[in-house]
Amino acid sequence: MIALADCNNFYASCERVFNPVLNNKPVIVLSNNDGCVIARSNEAKKLGIKMGVPVFKVRDIIIKNNVYVYSTNFALYGDMSSRVMSLLSKMSPEIEIYSIDEAFMNFTGIKNPTALALDMKSTVKKWTGIPISIGIGPTKTLAKVANYIAKRKTNSGIFGLFNYNDTIHSLKNLPISEIWGVGSRYSKMLYSNGIKTAYDFICLDKNWVLNNMTIVGLKTQEELKGHKKISLEIYKNRKKNICTSRSFGKKIKDFKLIKESIVAHATRCAEKLRRQSSCARYISVSIQTNRFDNPKSYYHGYQSKIIDLPTNNTIYLVNIAVKILESIYIKDLEYKKSGVIVGDIVPANQIQLNIFNNHQITEKQRVLYDAVDSINDAMGRDKIRLLGHGINRKWSLKKENLSPRYTTDWSDLLKIKV
DNA sequence: TCTGGGGTCCTAGGACCC
DNA sequence: TCTGGGGTCCTAGGACCC
């Protein structure tokens, strides 16, 4: 048996933990740049605020109903997440942390899975203040189905698919679009073929699924039938790509400002590489105009380069990134977004040395980067940075409704009146 | 006026090799 | 006029996830 624990309305719940005024009130959290709605409390969902909707489209609802609005505060959410995950992993050591607010756990051999799940739920609530739901099933995909039901149709927040009849009954009531692994494209395709529920889907011929939805779709179908095809990944693997990108606060033409953003993104990528002790062999830079403007004039310039020797050297990566930027930048366009991706990542200690290259981090540079990284960890991001990074970050984003970093910054500790 | 940011996996097709 | 058969590697694009 596999269990899936999922934090309810995670970001909104994090805001609530430190501000009880928000209890029972509609709360939403916005994406970077205060652009879209990316989390909603149940009360906000009831008001009809949809996931991913641009804020300006629901402004009237927000004002009319006194919806509490927050900018993203990832320092807070990341810290709350690691508290929740550490509690769960104590109670169930075989755990795969799947996302910031979800974890799969191996419940094989557990005599009373429901009791364990209830215990987890109350422990997490007591120690962190975060409400969670847990679904249990024979496969990951069925655990997802169970979690879906736990959230919507139970009071306890716990639901298990333990036998055949329950499972069939649940699948008959599950819309095809809610299946893990079936997104908007496949839902549309399946729907137009008369497939409306998860049950309809498992009745389909295997070959038809393979031909129309590749091996990935077939795995999903098998998992829904109770056959394990997606295994629990307990051991953290290094990321295969690392991406840093942002929309600008406003449209930008000026090469200098765009360059500053690319320097900042490449710097961040190098930091992320060093944090996981790895090096990248490939780097890609992209710049885009606003894709919501006239589609004919939309420009998305991107280009990648193979690095001859894998590296996590900030200065080297920044230099390549800027060179790539120079070759994709077109004058007089108004840019809205830029990004840097590094990939083909290898562990730093497994690099084949090459005497003709000298951008490998030397001992001296390693000491330098260790110092820079630890100062920035302690004092705040970018306290020490390359000059090309810019001073004002004029390209940077809007964050108008930011909550304090209650758990990660001394100056933002919650104040209690005595 | 205002539209997120980070990932994964699979496939088809082209370049190249013998 | 006739024009093989087997590989590998890389990239772009498309699907998905939270």
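Within the structure, every side-chain polar atom (N or O) of S31(A) is placed at least 4.0 Å from both OP1 and OP2 of dT3(B). For K57(A) and dT3(B), the shortest distance from a side-chain N or O to OP1 or OP2 is not below 4.0 Å. Phosphate proximity of dC9(B) to T214(A): absent, as no side-chain N or O sits under 4.0 Å from OP1 or OP2. Between K251(A) and dT1(B) there is no side-chain polar atom (N or O) within less than 4.0 angstrom of OP1 or OP2.
Between the CG atom of N241(A) and the P atom of dG6(B) there is a distance of 13 Å, given to the nearest Å. Across the protein-nucleic acid pair, K188(A) atom NZ and dG14(C) atom P stand 15 Å apart, rounded to whole Å. Look at CD1 on I215(A): it is 16 Å from C1' on dA12(B), rounded to the nearest Å. We find that CZ of F104(A) is positioned 10 Å from C1' of dC17(C), with the value rounded to whole Å. Here the P atom of nucleotide dC2(B) and the CG atom of D293(A) are 7 Å apart, to the nearest Å. Note: NZ (K239(A)) to P (dC18(C)) measures 16 Å, nearest angstrom.
The pair D6(A)-K144(A) does not count as a salt bridge, with every side-chain nitrogen at least 4.0 angstrom from each carboxylate oxygen.
Counting only heavy atoms from C-beta on, C243(A) has its side chain closest to dG7(B) among dG4(B), dG5(B), dG7(B). The listed nucleotides are dC18(C), dT11(B), dG6(B); the one nearest the side chain of W180(A) is dC18(C). Closest to the side chain of Y186(A), from the set dG6(B), dC2(B), dC16(C), is dC16(C). The side chain of Y302(A) sits closest to dG13(C) out of dG13(C), dG4(B), dT3(B).
Defined by atom type and a distance below 3.5 Å, a donor-acceptor pair is missing between the side-chain atoms of D79(A) and T408(A). Side-chain contact of S133(A) with N8(A): a donor-acceptor pair under 3.5 Å is present, judged by distance alone.
Classification of the F18(A)-Y406(A) ring pair by plane angle, with boundaries at 30° and 60°, yields parallel.
Across all strands shown, dG5(C) is found opposite dC18(B) as a Watson-Crick or G-U wobble partner, with both distances under 3.5 Å.
One C1' atom belongs to dC2(B), the other to dC18(C), and the distance between them is 24 Å to the nearest Å.
Annotation: cation-pi geometry not satisfied between K25(A) and Y68(A) (NZ/CZ under 6.0 angstrom from ring centroid, within 45° of ring axis).
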